[in-house]
Enquirer: 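Just dropping this structure here.
Residue numbers start at 1 and run along the sequence shown. Side chains included, hydrogens not; waters and symmetry mates left out as well; all remaining heavy atoms used.
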Amino acid sequence: MPQRNDHRHFYRMMVNAEVKLMINDPEAARVIDGVCRDLSASGMAVEVDEPLEMGTLIRVRLESPDASVAPLDATAKVMRCSQENEDCYQLGLAFLELN
């Protein structure tokens, strides 16, 4: 539950699911594996083992464990990147478009 000083417009759900991040750059096209830690209607927090620059555009794919539910496939922008420990970074991603 958000605290009084939390100004988010959407509630966040705690998640612990594998996610694929595809960098939207033809010259640096690569896939990064991560773990989605929380998810809302406007974005997600993802743990990865390398930093990404703020402003980087990526495509996010989060598979569903239920075959009747479509996977999450979205275009997102890196809004925050903070180092959690030596080889763990947390990204704050904002959804730009749901595909």
Enquirer: Quick one: CG on Leu72 to CE on Met44, what's the gap to the nearest 0.5 Å?
Expert: 5.0 Å

Enquirer: Distance check, rounded to the nearest 0.5 Å: Arg80 atom CZ versus Met54 atom CE?
Expert: 10.0 Å

Enquirer: I need the minimum non-hydrogen distance between Ala41 and Phe95, along with the two atoms involved.
Expert: O-CD1, 3.6 Å

Enquirer: Specify the closest pair of heavy atoms between Ala17 and Leu62, including all atoms of both residues, with the distance to one decimal.
Expert: CB-CD1, 3.6 Å

Enquirer: Would Asp73 and Leu98 satisfy side-chain contact (heavy atoms from CB on, under 4.5 Å), going step by step from the backbone distance to the final call?
Expert: CA-CA 6 Å; Asp73 186 1; Leu98 298 176; over 6 Å; no

Enquirer: First locate atom CG of Leu52, then atom CG of Leu57, and finally report the distance between them rounded to the nearest 0.5 Å.
Expert: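 If I round to the nearest 0.5 Å, the distance is 11.5 Å.
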
Enquirer: Going by the side chain to side chain contact (heavy atoms under 4.5 Å, CB included) test, name the single residue among Thr75, Val60, Leu39 that passes it with Leu93.
Expert: Val60

Enquirer: Salt bridge between Arg59 and Glu97, side-chain N to carboxylate O under 4.0 Å?
Expert: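 Judged by the 4.0 Å cut-off on N to carboxylate O distance, Arg59 and Glu97 do not form a salt bridge.
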
Enquirer: CD of Glu63: more than 12 outside heavy atoms within 6.0 angstrom?
Expert: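 Yes, because the 6.0 Å sphere around CD of Glu63 holds more than 12 heavy atoms from other groups.
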
Enquirer: Examine the side chains of Ser64 and Asp66 and answer whether a donor and an acceptor come within less than 3.5 Å of each other.
Expert: no

Enquirer: According to a hydrophobic-cluster definition based on side-chain heavy atoms being under 4.5 Å apart (Ile, Leu, Val, Met, Phe, Trp, Tyr only), do Leu91 and Ile32 belong together?
Expert: yes

Enquirer: If you round to the nearest 0.5 Å, how far is CG of Asn16 from CG of Asp38?
Expert: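 Asp38 CG to Asn16 CG: 11.0 Å, rounded to 0.5 Å.
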
Enquirer: Might you confirm whether atom CD of Glu84 has over 12 heavy atoms from other residues, nucleotides or ligands at distances under 6.0 Å?
Expert: yes

Enquirer: Is there side-chain contact between Leu21 and Asp33, with at least one heavy-atom pair below 4.5 Å?
Expert: no

Enquirer: Enter the distance from Ser82:OG to Glu47:CD here, rounded to the nearest 0.5 Å.
Expert: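 Answer for the OG-CD pair, Ser82 versus Glu47, is 9.5 Å.
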
Enquirer: Search all heavy atoms of Lys77 against all heavy atoms of Gly55 and return the closest pair with its distance.
Expert: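 Distance-wise, the nearest heavy atoms are CE-CA, 3.8 Å.
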
Enquirer: Could you tell me which non-hydrogen atom of Glu50 sits nearest to which non-hydrogen atom of Tyr89, and how far apart they are?
Expert: C-CD1, 3.5 Å

Enquirer: Rounded at 0.5 Å granularity, tell me how far CG in Asn99 sits from CZ in Arg61.
Expert: 9.5 Å

